[in-house]
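One structure is given here, and the rest of the page talks about it.
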Amino acid sequence: MIKKELCKIISQKEIANDIFQLTVEANLVNEIKAPGQFVHIRVDKSFDPLLRRPISISSVDKGNSQFTMIYRREGKGTSLLAEKGQGMQLDILGPLGNGFPVNELSPGETALLVGGGIGVPPLYELSIQLIAKGVRVIHVLGFQTQSAVFYEKEFLDYGETYITTVDGSYGKKGFVTDIIKNLEFDCLYTCGPTPMLKAIEKEYSDRKLFLSLEERMGCGIGACFACVCKSSEDPSGVSYKKVCSDGPVFRAGEVLI
Amino acid sequence: MSRLNIELPGLKLKNPIMPASGCFGFGKEYSQFYDLSKLGAIMIKATTVEPRFGNPTPRVAETSAGMLNAIGLQNPGLEKVISSELPWLSQFDVPIIANVAGSVEEDYIEVARSISKAPNVHALELNISCPNVKTGGIAFGTIPEVAQQLTRRVKEVSEVPVYVKLSPNVTNIVEMAKAVEAGGADGLTMINTLVGMRLDLKTGKPILANNTGGLSGPAIKPVALRMIYEVSQAVTIPVIGMGGIESAEDVIEFFYAGASAVAVGTANFVDPFVCPTIIDELPLLLNQLGYEHISECRGRSWKEHGELAYHRA
């Protein structure tokens, strides 16, 4: 169930250039069903910005009623969010959307988790939950440049981790797709920029593949029809899926990316 | 005794608060947050004869205190709205105002004729002001003679009262209001969004795939108030006011300007509970302001403080 709650900030820190890790205490943590779900944050009581900001959940700690988000400071909203400190309150709506299915794999099978930039965070909780199920996990994480890299050590704790940077300043130079082609896996989960998702879907559409999409959102709950995409089976017709409430995670071939 | 109930053509409202069309879908998403029977009415998403996918994305952009949208009248089409959405809504004790849209006059007539027969549809809202579709929509809402003719023809087929939704994107909104009143409109709803745009700083490209979109939210409230203030003095039919309402205080301000009821739009996207919150807060605000019933506030600004200066001139 979706809750609207004033949540207390437990901690916030910049973990890479313009990348922030934010942990809050919230009862709505008990409503979180799957990795890949997100929350909608009202960063300020004023009308600027007016709408909420959709932010990925990166890890969940139900025992302490806390969850952690990671976001990039980019525009007005996230800049205001980055200024919030410990003890302050945040108006959060969530959890929203449908996350990654973790039951697609049996113990002993291998999951390949591929993240690009600010699409990396939801894969962290996914990795934790897959490992808990006895699934082997490999991570391939792509970033623009060294200063944007985050969570390498955290992912390494759960499995093999490959880092790529576009400019070659850290890890392997190039794109995540250069690494994936040499890896064996039973299921691929991915989240990141649309060109990356397109490239992965094109290459692995015959495999078990789940993609998390991003789109500009209004309400986050499926009412405003801002974040719709076309269904694959009806590309020129009127069928649609809403990224916020039908997604953000879709099975490959479900929607047109 | 209720202090908020309002009677308008076709509508017995428990309170004057209703979600605005396009900002509430067909109610399902919001029913997970509260009992929709609490609302005065519901203005459902615009319905066209055939299903519509709408515009490409991005469909929303933001600006200070406002939001631009170019959804493009996405909806499941008349048949599905009548067979599925309206019956689902009938579980709630709340009158429905059906927003009717189209590309040509015949579209409006067909939707109006069928949808006005639905038992829970108590009024129609004629959408002649959507700025985001290439044909129809706003084209009917900027020429007084065209709007009047359309109103007249829809009135002939509708089994329930017809409210006409006015566009602020006109030179003289009073003229438009009078034209549709003469065409037989039972009421007015105003204002629809103002046409605007945002550009990407890096590329110079419009942020919206449709290039332009409709501006809504608190940014447009003063425009809505001014237009309602003018129109409500010039016509005898009631006005349902909308444009940036997000608090009980805003509701009273719209009543002062001359509205008889109000709709809440964009604020639903920010706070899904905004309508029930406003409904709960209104009686307290009436106490503070010394009113027994909300209808006493209607038109206070011009009743107590005279007409617009240029109207007197």
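Letters A, B, ... mirror the listed sequences (proteins, then strands); counts begin at 1.
Neither the backbone nor the side chain of A:S46 comes within contact range of chain B; no heavy atoms are under 4.5 Å apart. Interface residue A:R216: backbone and side-chain heavy atoms are both found under 4.5 Å from chain B. Looking at B:F33, only its side chain comes within 4.5 Å of chain A, counting heavy atoms on both sides. Proximity to chain B (any heavy atom under 4.5 Å) is restricted, for A:L93, to the side chain, taken from C-beta onward. At a 4.5 Å heavy-atom cutoff, the contact between A:M1 and chain B is made by side-chain atoms alone. Residue B:K45 touches chain A through its side chain alone, counting heavy-atom pairs closer than 4.5 Å. At a 4.5 Å heavy-atom cutoff, the contact between A:K230 and chain B is made by backbone and side-chain atoms alike. Residue contact with chain A, scored on non-hydrogen atoms closer than 4.5 Å, is absent for B:E50.
A 6.0 Å sphere centred on NZ of A:K62 holds more than 12 heavy atoms belonging to other residues, nucleotides or ligands. Within a 6.0 Å radius of CD in B:E246, other residues, nucleotides and ligands contribute more than 12 heavy atoms. More than 12 heavy atoms of other residues, nucleotides or ligands lie within 6.0 Å of NZ in A:K4, so this atom counts as buried by the packing criterion. The 12-atom threshold is exceeded at CD of B:Q32, counting heavy atoms of other residues, nucleotides or ligands nearer than 6.0 Å. At most 12 heavy atoms of other shown residues, nucleotides or ligands fall within 6.0 angstrom of atom CG in B:L201. Environment of CZ in B:F92: crowded, with over 12 heavy atoms of neighbouring residues, nucleotides or ligands closer than 6.0 Å. Enclosure of atom CD in B:E79 is not indicated, since only 12 or fewer non-hydrogen atoms of other residues, nucleotides or ligands lie within 6.0 angstrom.
The two atoms that bring B:E29 and A:G222 nearest to each other are OE2-O, 3.2 Å, heavy atoms only. Closest approach of B:S64 and A:D48 over heavy atoms only: OG-OD2, 3.1 Å. Between A:L51 and B:E62, the shortest heavy-atom distance links the atoms N-OE2, 2.8 Å. Closest non-hydrogen pair, B:F53 versus A:G237, comes out as CB-O, 4.0 Å. Between A:F225 and B:R59, the shortest heavy-atom distance links the atoms O-NH1, 2.7 Å. Of all the heavy atoms in B:V60 and A:A226, the pair that sits closest is CG1-CB, 3.4 Å.
Here the side chain of A:E215 pairs no donor or acceptor atom with the backbone of B:T57 at under 3.5 angstrom.
Contact count versus chain A (heavy atoms, under 4.5 Å) is highest, among B:G25, B:P51, B:G22, for B:P51. Residue with the most contacts toward chain A among B:G217, B:G66, B:G77: B:G66 (heavy-atom pairs, distance under 4.5 Å).
The structure places CG of B:D271 at 12.5 Å from SG of A:C219, a figure rounded to the nearest 0.5 Å.
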